Amino acid sequence: MLNEIVEPLLMWFRANARVLPWREDKAAYRIWVSEIMLQQTRVEAVKPFFERFTKALPDVHALAVCEEDKLLKLWEGLGYYNRVRNMQIAAKTIVEEFDGQLPADYEALLSLKGIGNYTAGAVASIAYNIPVPAVDGNVLRVISRVLASEEDIMKQSVRKKMEEDIKAIMPKDCPGDFNQALMELGATVCVPNGMAKCDICPLASICKAKALDIVMELPKKTKQKPRRIEEKTVLVIKDGDKAAIRKRPKKGLLAGLYELPNLEGHLTADEVLEYIKERQLAPIRIRQLRESKHIFSHVEWRMTGYVIQVEELENAKDTGMLFVEPWKTQEEYPIPAAFGAYADYLQIKLGQEKYEV
DNA sequence: AAGTCGGGGGC
DNA sequence: GCCCCAGACTT
């Protein structure tokens with residue numbers, strides 16, 4: 001039965017646990033921050049962000065009162081930016097309703113913005129030793145294989161049953177270690193891509209998938225739909241030492257971050273100049289930049305770009321554009337990685353000789 | 001239940 | 001190119 005995994009798993013974890021920044025000091029706040037960052041994000045990617053974030057915002061109160069641009073800047077490049085927005089909303093709730101302390105209660109944690117089933121279980125078990133499961137993608141894979149379950153792990157019903165099965169075998173004295181052990185095994189041995197390392201797995205003798213030689217067929221999962229493709233033209237508009245950026249809408253993709261001005265479709269230089277002139281920004285030079293691509297979860301941007309030198313006139317139309325010094329875009333304004341190929345040009349001077357308008 | 005929301009690394 | 005990642009929220 002499934003309870004056979006408990007002892008070998010804990011033994012293995014105690015000998016093989018990775019040294020991670022959020023394992024040094026188990027303050028609930030730090031566990032919470034790490035778990036939010038780790039949503040759909042690998043350990044190696046999170047490490048540097050975690051160090052920087054917790055240094056800048058060391059406690060719940062600091063997070064609750066942080067200015068939005070600074071907050072997003074700390075998250076810049078990590079993705080899924082609603083995570084940090086929701087975390088700040090939760091921080092304000094914690095200050096107001098829980099006296100600044102994360103509640104040591106699964107249901108109370110679950111009620112906080114951005115904390116779902118998994119994260120509530122992780123914080124409760126790791127920070128407060130509450131015996132509740134924390135079922136993430138690793139756990140779904142490990143348990144599916146141990147049981148040789150061919151159920152589709154994308155189905156809510158399957159995940160719910162998985163939580164119940166695990167709750168039934170949770171060791172009451174060390175629920176945090178047990179949950180982490182399952183995830184750690186999934187991340188380092190029963191891996192998500194590539195061959196499972198069954199030769200070093202502490203559960204190899206128990207694993208039904210291994211016995212049936214179907215380890216690599218599991219878990220079963222419905223595949224995601226193909227992403228849609230969007231074409232864009234990205235503009236690096238320069239006025240002297242400054243360059244144009246603008247703030248994105250409060251909702252939707254990359255909400256609230258800053259971007260380079262951009263247009264729908266792949267435009268010619270003439271079409272771009274028309275756009276510039278309509279906004280009373282007198283163009284002096286223009287040069288086309290290379291194409292680039294950025295892949296999000298559900299959409300793919302195929303971009304081309306232009307760098308345009310302009311003279312910003314007094315009567316320039318309100319374009320929502322903000323002309324700022326390039327170093328400020330690096331230090332203060334959060335700009336998503338999608339614009340990376342063109343953001344480089346913010347600080348490069350245009351050649352004088354060619355591309356006169 | 002399906003769609004939205006980032007970015008990166010493995011193969 | 002495809003898959004997945006210590007998922008949660010909205011519709």
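On a predicted model such as this, the values are computed, not experimentally measured, just so you know. Below, each value reflects all heavy atoms present in this structure, side chains not excepted, and no hydrogens, waters or symmetry copies. Order of the sequence lines fixes the chain letters, A, B, ..., with proteins taken first and strands second; residue numbering starts at 1 for each chain.
Around CD of A:Glu311, the count of heavy atoms belonging to other residues, nucleotides or ligands within 6.0 Å does not exceed 12. Counting heavy-atom neighbours within 6.0 Å of A:Glu278 CD, excluding the residue itself, gives a total above 12. Within a 6.0 Å radius of NZ in A:Lys210, no more than 12 heavy atoms belonging to other residues, nucleotides or ligands are found. The neighbour count for A:Asp199 CG, taken as heavy atoms of other residues, nucleotides or ligands under 6.0 Å away, is above 12. Around atom CG of A:Asp99, no more than 12 heavy atoms belonging to other residues, nucleotides or ligands sit under 6.0 Å away.
Following rounding to the nearest Å, A:Lys113 (NZ) and B:dC5 (C1') show an atom-to-atom distance of 14 Å. Rounded to whole Å, the distance from CZ on A:Phe339 to P on B:dG6 is 12 Å.
Comparing A:Asn193 and A:Ile295 against DNA chain B, the residue whose closest nucleotide sits nearer the 5' end is A:Ile295. A residue-by-residue look at A:Lys223 and A:Ala120 shows that A:Lys223 has its nearest nucleotide of DNA chain C further toward the 5' end.
Listed pair A:His298 / B:dT4 fails the phosphate criterion, with no side-chain N or O lying under 4.0 Å from OP1 or OP2. Distances shown here put a side-chain N or O of A:His294 below 4.0 Å from the OP1 or OP2 atom of B:dG7.
Non-hydrogen atoms lying under 4.0 Å from DNA chain C are contributed by A:Asp136, A:Gly137, A:Asn138, A:Arg141, all within residues 131-147 of chain A. Less than 4.0 Å separates DNA chain B from at least one heavy atom of each of the following residues of residues 28-52 of chain A: A:Gln40, A:Thr41, A:Arg42. Only A:Met183, A:Glu184, listed by number, bring a heavy atom of residues 176-185 of chain A to less than 4.0 angstrom from any atom of DNA chain C. Looking at residues 71-81 of chain A, you'll see A:Gly77, A:Leu78, A:Gly79, A:Tyr80, A:Tyr81 sit with a heavy atom under 4.0 Å from some atom of DNA chain B.
Base engagement by A:Arg23 is indicated by at least one non-hydrogen atom pair under 4.0 Å involving a base atom. Within 4.0 Å (heavy atoms only), A:Gly186 reaches no atom of the nucleic acid at all.
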Quick test: give all pairs of protein nitrogen or oxygen and nucleotides 1-3 of chain B nitrogen or oxygen below 3.5 Å, distance rounded to 0.1 Å.
unit_1: B:dG3; atom_1: OP1; unit_2: A:Lys225; atom_2: NZ; d: 2.6

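With sequence neighbours excluded, the residues satisfying salt bridge (Lys or Arg N to Asp or Glu O under 4.0 Å) with A:Arg23 are A:Glu184. A:Lys161 meets the salt bridge (Lys or Arg N to Asp or Glu O under 4.0 Å) test with A:Asp165; sequence neighbours excluded. Judged as a ring pair (Phe, Tyr, Trp, His ring centres under 6.0 Å), and not counting sequence neighbours, A:Phe323 has no contacts. With sequence neighbours excluded, no residue forms a salt bridge (Lys or Arg N to Asp or Glu O under 4.0 Å) with A:Asp59. Judged as a side chain to side chain contact (heavy atoms under 4.5 Å, CB included), and not counting sequence neighbours, the contacts of A:Ser292 are A:Met303, A:Ala341, A:Tyr342.
Look at A:Lys73 and A:Glu331 and you find no salt bridge, because none of the NZ, NE, NH1 or NH2 atoms lies under 4.0 Å from a carboxylate O. At a threshold of 4.0 Å, the pair A:Arg246-A:Glu259 counts as salt-bridged, since one of the basic side-chain nitrogens sits closer than that to a carboxylate oxygen. In this structure, A:Arg228 pairs ionically with A:Glu230, as a charged nitrogen and a carboxylate oxygen lie closer than 4.0 Å.
Taking a heavy-atom distance under 4.0 Å as the criterion, the stretch of DNA chain C touched by chain A extends 5' to 3' from C:dG1 to C:dT10.
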Exercise for review: Convert the base pairs of DNA chain B into dot-bracket notation, remembering that pairs crossing earlier ones are written with [ ] and that bases paired across to another strand are shown as |; include only Watson-Crick or G-U pairs under 3.5 Å.
Suggested key: |||||.|||||
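Checked against the 6.0 Å centroid criterion, the rings of A:His298 and A:Phe296 do not qualify as a close aromatic pair.
Comparing the same atom, P, in C:dA6 and in B:dC11 gives a spacing of 14 Å after rounding to whole Å.
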